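For reference, the structure discussed in these notes is given below.
Source: prediction; values computed, not measured. Each chain gets a letter, A, B and so on, in the order its sequence line appears, and its residues count up from 1.
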There are 2 protein chains.
Amino acid sequence: MDVKTVCLGMLTDGPASGYDLKKNFESTFGHFFAAGYGSIYPALSSLSKQGFVSCEQIAQEGKPDRKVYQITEEGRQFLLKALENTSPCHKIRSEFLATMCFAHLMQGEAIEAVLDYRLEEIAKYREMFRQLEAESMSDWEEGEKFVLGFGKAIATAMEKYITENRHLLTEEPVAKTAAV
Amino acid sequence: MDVKTVCLGMLTDGPASGYDLKKNFESTFGHFFAAGYGSIYPALSSLSKQGFVSCEQIAQEGKPDRKVYQITEEGRQFLLKALENTSPCHKIRSEFLATMCFAHLMQGEAIEAVLDYRLEEIAKYREMFRQLEAESMSDWEEGEKFVLGFGKAIATAMEKYITENRHLLTEEPVAKTAAV
DNA sequence: GACTTTATATATCAAATTGATATTATACAT
DNA sequence: ATGTATAATATCAATTTGATATATAAAGTC
């Protein structure tokens with residue numbers, strides 16, 4: 001599943017512009033499947049060329065025309081086929097974990113700073129989840145609720161693990177010859 | 001932190017060829033920071049041009065020359081500077097979660113298949129962690145142990161969440177007008 | 001004995017993606 | 001006044017992905 005397919009999926013919820021989709025990516029989707037303008041706009045032109053979306057151009061004063069995309073029947077069929085893939089991947093790209101693998105080359109303070117930063121980021125996620133639940137959860141599909149819960153569960157597990165195990169990285173190791 | 005920096009970090013463990021580094025990415029690193037030949041080889045040539053690694057070319061019969069790279073003092077300095085970044089990111093790209101967001105467009109059986117596949121993948125991870133611990137953990141740096149533990153904790157949390165919440169996606173929702 | 005897969009080793013390339021930047025106008029703060 | 005946020009598009013170099021090409025030996029399978 002690429003950015004094109006995800007955009008198509010978002011359009012099943014109603015017509016939207018590239019700008020609208022970007023907001024979608026920023027608020028919720030982006031936390032497990034990121035995309036920027038650099039991939040959204042090319043995705044929409046490509047979908048348009050393939051006939052999977054139609055585009056209505058709306059003139060505006062002072063701003064560029066608003067291009068509102070709508071999924072077509074062919075687009076819907078393509079999406080349903082794409083969703084039949086029973087082995088979608090789940091990948092992590094973590095500069096955080098890569099950095100921690102090299103902790104032995106770092107100063108204790110730098111390690112602490114990295115861990116603190118990660119905990120802050122996790123706290124931000126949790127706050128975001130909390131707000132989403134309070135504000136707009138009533139009209140969500142079950143799938144979206146499942147995904148939000150998944151995010152919460154992982155965030156909790158990460159926070160717990162880091163808090164309980166950070167001492168492994170920052171305490172001075174016992175000298176290996178101590179027992180001799 | 002890009003592939004170049006991670007390769008440099010791996011070379012602090014001793015000289016290695018691109019092929020060797022790829023094996024490293026496959027066995028452990030790849031599970032949180034993937035890289036293929038298409039990024040490893042260009043990374044090594046680039047590091048070589050910058051003087052961060054030196055290269056010894058070893059002739060072999062029947063096979064291409066083996067190019068063994070070694071980190072230089074300048075490379076080590078560059079790496080240490082890169083590790084001073086106190087806000088390394090941790091990103092997820094999950095076709096799995098994206099698919100689940102569109103579960104309402106899917107057949108119940110397809111949803112089950114996707115969830116089962118994910119659970120199988122997690123089981124594979126856990127088995128890999130188990131093997132790594134049994135085989136080669138004694139000579140690991142603390143950082144590597146921390147990262148392995150992190151992986152295990154997340155895998156456990158994902159498995160638990162999916163098992164306990166999959167019914168949300170596959171059970172028929174109660175009709176919304178039932179209470180009327 | 002024939003055949004297939006795995007391991008050794010490099011390299012390249014099109015396509016996708018990232019992250020930043022450009023453009024232009026309104027509106028709201030400081 | 002000056003900066004920042006919002007609305008809206010678009011482009012681009014650099015990076016990364018995933019696949020493919022090349023060539024040989026060893027090991028496993030039928």
Side-chain angles (χ1 to χ4, degrees), chain A residues 1-8 15-27 29-50 55-69 82 85 87-95 98, chain B residues 1-8 15-27 29-30 32-50 53 55-69 82 85 87-95 98:
Chain A
M1 189 179 306
D2 53 12
V3 174
K4 269 166 67 174
T5 313
V6 173
C7 287
L8 209 47
S17 66
Y19 189 78
D20 295 332
L21 295 185
K22 178 63 161 55
K23 279 190 290 186
N24 242 334
F25 276 106
E26 267 163 17
S27 66
F29 244 87
H31 303 294
F32 55 86
F33 199 106
Y37 291 128
S39 45
I40 295 169
Y41 285 118
L44 288 171
S45 348
S46 169
L47 287 169
S48 199
K49 267 182 213 155
Q50 287 175 96
C55 174
E56 195 193 354
Q57 202 149 340
I58 299 164
Q60 294 186 116
E61 286 170 45
K63 300 171 203 169
D65 290 1
R66 191 174 144 86
K67 292 184 184 174
V68 178
Y69 295 90
N85 170 20
S87 47
C89 66
H90 176 90
K91 280 182 209 154
I92 292 171
R93 178 166 184 117
S94 178
E95 300 183 5
Chain B
M1 187 178 308
D2 52 12
V3 175
K4 268 166 68 174
T5 313
V6 173
C7 287
L8 209 47
S17 66
Y19 188 76
D20 294 332
L21 296 185
K22 179 60 160 58
K23 278 191 290 187
N24 244 332
F25 276 106
E26 268 163 15
S27 66
F29 244 85
F32 54 86
F33 198 107
Y37 290 128
S39 45
I40 294 170
Y41 285 117
L44 288 172
S45 349
S46 170
L47 287 169
S48 199
K49 267 183 211 155
Q50 287 176 97
V53 300
C55 174
E56 195 192 354
Q57 201 150 341
I58 298 165
Q60 294 187 119
E61 287 171 42
K63 300 170 204 170
D65 291 0
R66 194 174 141 86
K67 292 185 184 174
V68 178
Y69 295 90
N85 170 20
S87 47
C89 66
H90 176 90
K91 280 181 208 155
I92 291 170
R93 179 168 183 114
S94 180
E95 299 184 6

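Protein atom OH of B:Y37 is 8 Å distant from nucleotide atom P of C:dT10, rounded to whole Å. Distance A:E26 CD to C:dG19 C1': 13 Å, rounded to the nearest Å. One interatomic measurement links the two molecules: NZ of A:K22 to C1' of C:dA20, which rounds to 12 Å at whole-angstrom precision. D:dA10 atom P lies 6 Å from atom OH of A:Y69, rounded to whole Å. Between the NZ atom of B:K67 and the P atom of C:dA11 there is a distance of 3 Å, given to the nearest Å. Spacing between atom OH of B:Y41 and atom C1' of D:dG18 amounts to 16 Å, rounded to whole angstrom units. For the pair A:D2 CG and D:dG18 P, the interatomic distance rounds to 12 Å; values are reported in whole Å. Going from atom NZ of A:K23 over to atom C1' of D:dT6 covers 9 Å, rounded to whole Å.
Under the 4.5 Å side-chain criterion, counting only non-hydrogen atoms from C-beta, A:L47 is not in contact with A:Y69.
Comparing B:G18 and A:K4, the nucleotide of DNA chain C nearest to each residue sits closer to the 5' end for B:G18.
Closest non-hydrogen pair, B:L44 versus B:G18, comes out as CD1-CA, 3.5 Å. Annotation for A:M1 and B:R93: closest pair O-NH2, 4.3 Å, computed over non-hydrogen atoms.
Contact annotation: B:S39 side-chain N/O to D:dT17 OP1/OP2 distance is under 4.0 Å. When the side-chain nitrogen and oxygen atoms of A:Y19 are compared with OP1 and OP2 of D:dA7, one or more of them lie within a distance under 4.0 Å. For the pair B:R93 and C:dT18, the criterion of a side-chain N or O lying under 4.0 Å from OP1 or OP2 is met.
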Stepwise ring-ring contact (aromatic ring centres under 6.0 Å, His included) check, B:Y37 with B:Y41: CA-CA 6 Å; B:Y37 290 128; B:Y41 285 117; 5.5 Å; yes
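In this structure, A:K91 reaches the sugar-phosphate backbone alone: every heavy-atom distance under 4.0 Å involves primed, P, OP1 or OP2 atoms, never a base.
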